[in-house]
2 protein chains.
Amino acid sequence: MTIQTRRERERAERERLIVTAARELAEAEGWDAVTTRRLAAEIEYSQPVLYSHFKGKDAIMAAVAVQGCADLAAELGAARAKARGVRESLAAVAETYTSFAQRRPALYDAMFTHLVDLPFATPEAPAPLREAFGELLHAVEPIAAEGDDPGLLTETFWAGLHGLVTLMRSGRLPAEAHERRLALLIGHFAGS
Amino acid sequence: MTIQTRRERERAERERLIVTAARELAEAEGWDAVTTRRLAAEIEYSQPVLYSHFKGKDAIMAAVAVQGCADLAAELGAARAKARGVRESLAAVAETYTSFAQRRPALYDAMFTHLVDLPFATPEAPAPLREAFGELLHAVEPIAAEGDDPGLLTETFWAGLHGLVTLMRSGRLPAEAHERRLALLIGHFAGS
DNA sequence: CAGAAAGGCTAGCGATGCTAGAATCACGGT
DNA sequence: ACCGTGATTCTAGCATCGCTAGCCTTTCTG
């Protein structure tokens with residue numbers, strides 16, 4: 001038994017090694033630099049080892065995305081804890097969200113831009129994904145009008161944040177007006 | 001002169017052929033199917049011919065994106081012409097925008113998702129891009145409060161639409177609630 | 001009509017994701 | 001103690017990608 005469990009423990013550790021190496025390489029040089037060869041060299045194993053852990057490169061990106069969602073959820077939670085009122089919570093969460101996207105663009109892409117076959121809007125979604133959405137939900141819920149579905153409102157607000165972030169990062173929106181656009185979005189959702 | 005102009009005319013025609021072939025292939029089978037070899041076969045020329053017209057595959061996608069913006073601008077203009085009031089115009093434009101994105105996902109990706117080096121938010125941006133944004137601006141302008149910059153408000157509203165579209169198409173938002181989310185977005189911008 | 005020049009094609013380079021099959025290692029039974 | 005067995009890892013290679021160098025044919029010019 002002990003020998004079996006040691007094997008499994010080492011295997012799990014190597015899997016974590018792969019995911020963190022992929023994340024760090026992506027954050028340092030972008031996802032284009034994360035080739036299977038480069039990643040294999042980084043973990044000091046050969047390429048096929050990657051495929052004994054993950055179905056392919058996309059699966060590795062998905063694992064990175066899940067880890068990223070945990071990070072985001074933690075940051076959002078911390079921001080919400082510091083904020084006082086309802087509107088301040090919303091603003092703090094929104095600011096933290098867009099800041100996260102700008103500080104860690106590669107991670108954000110894996111989470112929300114790249115096509116990846118993760119169950120998202122279902123109960124089977126990985127816990128970190130639901131937690132990150134839950135943080136948004138907690139901030140949006142208080143500003144929902146009677147009769148509004150808080151979940152739907154959160155999704156819509158999230159879409160606003162996501163749109164701002166992606167359009168700005170691709171150069172389609174000028175970056176210098178970001179704060180003002182964010183204020184407009186919050187203003188229109190929190191009721192001026 | 002005539003022979004020179006004929007040459008140039010034929011060259012321009014072939015360039016249009018490349019762009020439309022790329023667009024049709026992308027819309028039919030997705031951008032992954034648009035390889036330089038496949039595209040060359042489609043236009044019945046060899047690969048290097050593509051590179052005598054465009055710097056690379058990304059430049060071809062950019063040309064397709066510009067063409068797509070012209071299409072979108074036309075659709076938005078038609079929708080706005082039919083609508084009566086201020087709020088109806090906004091709703092019609094929003095509905096047309098998201099419908100366009102769902103009907104022609106590959107085209108939409110080239111325009112607004114794919115990383116492409118087109119000047120966007122500047123006066124040097126290609127005319128179709130400015131026209132498409134102008135259509136949005138015309139619909140959003142009337143609902144801007146005094147003191148609000150209509151351009152910034154349009155950008156923010158656009159971001160909301162873009163976020164809804166991209167998150168839904170990647171499976172991160174459930175598609176069946178799209179209409180209700182869109183109604184929420186419009187409601188919060190047009191003042192309940 | 002010979003030479004120059006322009007344009008298109010064949011062939012190939014380096015790199016990608018992924019995989020088959022050889023080789024190596026640790027383990028268990030006699 | 002030793003050898004066979006099974007799992008694990010690596011070497012080598014496939015098909016395909018975007019892109020380009022260099023030949024070759026065709027066309028224009030003096």
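It should be emphasised that the depicted structure is a prediction, and the values quoted were computed from it without experimental measurement. Protein chains get the first letters and strands the later ones, always in sequence-line order, with residue 1 at the start of each.
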Distance in angstrom units between B:E15 CD and C:dG8 P, rounded:
12 Å
Do the side chains of A:K82 and A:E88 get close enough for a salt bridge, i.e. N-O under 4.0 angstrom?
no
Evaluate A:F112 against A:L72 for side chain to side chain contact (heavy atoms under 4.5 Å, CB included), listing each step before the verdict.
CA-CA 12 Å; A:F112 299 132; A:L72 176 61; 3.9 Å; yes
Considering just the side-chain nitrogens and oxygens of B:R7, establish if one lies under 4.0 Å of OP1 or OP2 belonging to C:dA5.
no
Could you check A:E75 against A:T96 for side-chain hydrogen bond (donor to acceptor under 3.5 Å, both in side chains), going step by step and ending with a plain yes or no?
CA-CA 7 Å; A:E75 286 197 24; A:T96 304; over 6 Å; no
Can a side-chain donor-acceptor contact be found between A:R37 and A:T35 if the only test is distance below 3.5 angstrom?
no
Taking 4.0 angstrom as the limit, do B:E29 and B:R38 come out as a salt bridge?
yes
Pairs under 3.5 Å (N/O, protein and nucleotides 23-25 of chain D):
none

Could you check whether A:E27 pairs with A:R23 (Lys NZ or Arg NE/NH1/NH2 to Asp/Glu carboxylate O, under 4.0 Å)?
yes
Specify the residues of residues 50-68 of chain B, ordered by number, for which at least one heavy atom lies under 4.0 angstrom from an atom of DNA chain D.
B:Y51, B:G56, B:K57
Please test B:R169 against B:D109 for side chain to side chain contact (heavy atoms under 4.5 Å, CB included), starting from the C-alpha separation and ending with a verdict.
CA-CA 11 Å; B:R169 228 162 50 67; B:D109 277 352; 2.6 Å; yes
Using the ring of each side chain (for Trp, its six-membered ring), is A:Y97 parallel, tilted or perpendicular to A:Y108, with breaks at 30° and 60°?
perpendicular
DNA chain D contacts made by residues 35-48 of chain B, counting heavy atoms under 4.0 Å
B:T35, B:T36, B:R37, B:Q47, B:P48
Go through it in stages, so that I can follow the logic: the residues are B:H53 and B:R11, the test is side chain to side chain contact (heavy atoms under 4.5 Å, CB included), and I'd like the CA-CA distance, side-chain angles, deciding distance and then a yes or no.
CA-CA 9 Å; B:H53 288 271; B:R11 229 188 116 73; 3.8 Å; yes
Across the strands shown, which category fits B:R14 at heavy-atom distances under 4.0 angstrom: base, sugar-phosphate, nothing?
sugar-phosphate
Kindly indicate, with the supporting measurements, whether the criterion side chain to side chain contact (heavy atoms under 4.5 Å, CB included) is fulfilled by B:L164 and A:W158.
CA-CA 9 Å; B:L164 284 178; A:W158 175 31; over 6 Å; no
